[in-house]
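Notes follow once the structure below has been shown.
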Amino acid sequence: MKMHWSTLLGLFGLLSALSRSYAGKVLVVPADGSHWINMKVLIVELHAKGHNITVVRGSNSWYIENESPLYTSITVDIGKFDTDFWVMLLSRLLQIKRHGRSFWSEMEIAQEIYSKFSEVHEQVCNMTAMIFENEVLMKSLEDDADIWLMRNDFTFEFPRPQMPNIVYMGGFQCKPAKPLPDDLEKFVQSSGEHGVIIMTLGTIFGQLLSEINDEIAAAFAQLPQKVIWRHTGPRPASLGNNTLIVDWLPQNDLLGHPQTKVFVAHGGTNGVQEAIYHGVPIVGLPLSFDQPDNLSRMQKKGTAKIVDIATLDRNVFLEALKEVLHMPSYRENMQRLSRLHHDQPMKPLDRAIFWIEFVMRNRGAPHLRTQSFRMSWIEYHSIDVILTLTATLFIFAFVTVYMIRYFCLVLFRKKVKRE
C-alpha cells in the first residue's frame, strides 16, 4: 500500500446534500495519529461555520473519539489493534540500523517494514471493503475528489507544476504561541542568555533504545543550554542537571518562545511546519516513513542538520547541536522561510475552508479538474501516440532498407553488365 498520508490530509470524500445557506454535510474519512490532530483543526473550523460533519472511524482508533460535540461518528468494527505495535516496530528497526548500514541490513529493514505494514494494510482493506462494497458508490466517490488539500507549501517543497484543483495549506495547524505553564516558564527563563533546546520525537516514537538515550543525554549534559525532552522510557543514566524530562510538552508554544534556540525532532510534517512557522532551526533524527524526506528538504534549504540514528553517539550528536546553535546561517535561513510563510494574502486555514465551501456552493468544481481525468486509458497513457510513432518509425525503417536494397541491386547489375 502506497498512500501519501504525510501529504494528503485525509479524504474529504463526499460533499453532498447541501442547503442554499451553504451549510453542508461533510463526510470525513481520516487517518489516525498525528494526521487526526491536523484533521480535527479543520473539523473545528467547519463546525464553527455551521457545517454538519460525519467522521468514519475504526473501532481500534487511537485518538478519534466515538462521541464528540463537533461531529457524528460512524464506527466500523475492524478488530483489535496491538497498542505496542509501533513501539515494537521502532525498537526492531533501530536494532537493525545500529548493527551497521549495509545492503543486507537495508533489505532487512525493508522486509520488517513490509511485514508489519501488511497487517495494517489488511485492516485498512477490511475497513474499506466494509464501507464501500457497493460498486456504484465507489464509482461515485472516484468521480472522489474535486479539490485536493495538500498540507505543505513552497517554503517546504520545491517549485513544480500543479493542477488548478490542488490547494496548498501548509502550516494551517500552526498558531501563535500561548503562555507556558508557570513551572515550565520558570525552567525556560532559568536558561538565561543560553536559551533552551526542545526535543520530541512525536506521538508514536516516545522512546528510543536505552543505549541511544544515554548517548543523547550525555551530549545534552555538556551544553550550557537548558533542555526540555519529551521522553516516556526509563530515565537515562547519563542525564544532566540541565535536562528536564517530561511526558508531554506544548510543542507549538515552546517553539514560539523567544528562548528556544534549537528543535531536536524526528522530522514529522507537523513538527517541521511548526518549526518553519516559528523560525526555529532543526537537528533531525529521522526514523521512518516520510521523515528522512522531510528533513532532507530542510537540510537542502540550510535550516536543519541531520544525524543518522545508526551512527549516533554523544560526540556526533554534540557536534550537530553545536553546529546548529553557533552557525548563524541555520537560524537565518529558517527565519527567512518563516517570513515567506507568513507573507500570504490569507491564512492557510482560511484558504482550506474557503475551497471546501467553494465546492459546496458550486456543487463541485469539475472545471478545475485536469482534462486527463476524462481521457480513456489509451489516451491517458498515450498509447495511440506511441503506436503512431512506432508505426511511423517502422515504415521509415522499411522504406530506408528497401531503398538501400534497391540501389545496391541497381549498382550490382551495372557492375555485372560491364564485366
Side-chain angles (χ1 to χ4, degrees), residues 1-18 24 26-31 35 56 110 113-114 117-118 120-154 156-170 269 289-290 293 297 351-352 355-356 358-406:
M1 177 182 69
K2 185 176 181 182
M3 300 189 72
H4 300 286
W5 294 115
S6 67
T7 306
L8 303 177
L9 186 63
L11 170 65
F12 275 95
L14 182 63
L15 300 173
S16 61
L18 311 177
V26 184
L27 176 65
V28 183
V29 186
H35 303 281
V56 178
I113 292 176
Y114 176 80
F117 272 85
S118 292
V120 179
H121 187 195
E122 183 178 357
Q123 290 191 347
V124 172
C125 288
N126 290 338
M127 178 178 177
T128 304
M130 295 176 70
I131 300 172
F132 301 125
E133 289 180 346
N134 189 316
E135 292 183 4
V136 176
L137 176 59
M138 284 297 294
K139 183 63 170 63
S140 67
L141 292 173
E142 205 173 78
D143 291 340
D144 183 28
D146 284 330
I147 291 291
W148 290 95
L149 303 177
M150 312 290 285
R151 56 175 189 150
N152 50 37
D153 58 27
F154 290 125
F156 171 74
E157 295 281 353
F158 293 97
R160 61 169 181 259
Q162 66 181 49
M163 293 297 149
N165 64 342
I166 302 296
V167 177
Y168 286 97
M169 56 169 190
T269 305
F289 311 131
D290 61 335
D293 182 61
R297 293 168 189 269
R351 181 162 57 249
W355 282 108
I356 293 171
F358 177 89
V359 173
M360 293 179 179
R361 289 193 299 270
N362 295 283
R363 305 282 176 161
H367 63 291
L368 296 180
R369 292 182 184 175
T370 174
Q371 184 62 32
S372 64
F373 187 81
R374 302 176 181 88
M375 292 179 177
S376 66
W377 69 272
I378 293 177
E379 293 174 307
Y380 183 81
H381 294 285
S382 300
I383 302 299
D384 52 344
V385 176
I386 293 171
L387 290 177
T388 301
L389 292 176
T390 302
T392 302
L393 182 63
F394 178 79
I395 293 171
F396 177 77
F398 176 80
V399 171
T400 301
V401 171
Y402 180 83
M403 294 296 294
I404 293 173
R405 184 169 177 269
Y406 174 78

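Because the structure is a prediction, the values reported are computed rather than measured. All values below come from the heavy atoms of this structure, side chains included, with hydrogens, waters and symmetry mates left out.
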Below 6.0 angstrom between ring centroids: does that apply to F358 and W355? yes
Would you say the side-chain atoms of T269 and N152 include a donor-acceptor pair closer than 3.5 Å? no
Quick check: does any side chain N or O of R369 sit under 3.5 Å from a backbone N or O of N165, one acting as donor and the other as acceptor? no
Evaluate the side-chain proximity of M360 to V26: yes if any heavy-atom separation is below 4.5 Å, no if none is. yes
Once rounded to the nearest 0.5 Å, what's the spacing between atom CD1 of I356 and atom CD1 of I147? 9.5 Å
Is atom CE of M163 surrounded by more than 12 heavy atoms (other residues, nucleotides or ligands) closer than 6.0 Å? no
F158 atom CZ: more than 12 heavy-atom contacts under 6.0 Å: yes
Can you see which heavy atom on R351 is nearest to which on M169, and at what distance? NH2-CA, 4.2 Å
I'd like to check L393 versus L389 (side-chain heavy atoms, cut-off strictly below 4.5 Å). Are they in contact? no
Show, in sequence, the C-alpha distance, side-chain angles and deciding distance for L27 and V56, and conclude whether the side chain to side chain contact (heavy atoms under 4.5 Å, CB included) test is met. CA-CA 8 Å; L27 176 65; V56 178; 3.7 Å; yes
With rounding to the nearest 0.5 Å, note down the distance linking CD1 in I378 to CD1 in I386. 11.5 Å
For Y380, does the OH atom have more than 12 heavy-atom neighbours from other residues, nucleotides or ligands under 6.0 Å away? no
Show the nearest heavy-atom pair for residues D146 and G364, with the distance to one decimal. OD2-CA, 2.9 Å
To the closest 0.5 Å, what do you measure between CE (M150) and CD (Q162)? 9.0 Å
Which heavy atom of D384 sits nearest to which heavy atom of E379, and what is that distance? OD1-CA, 4.3 Å
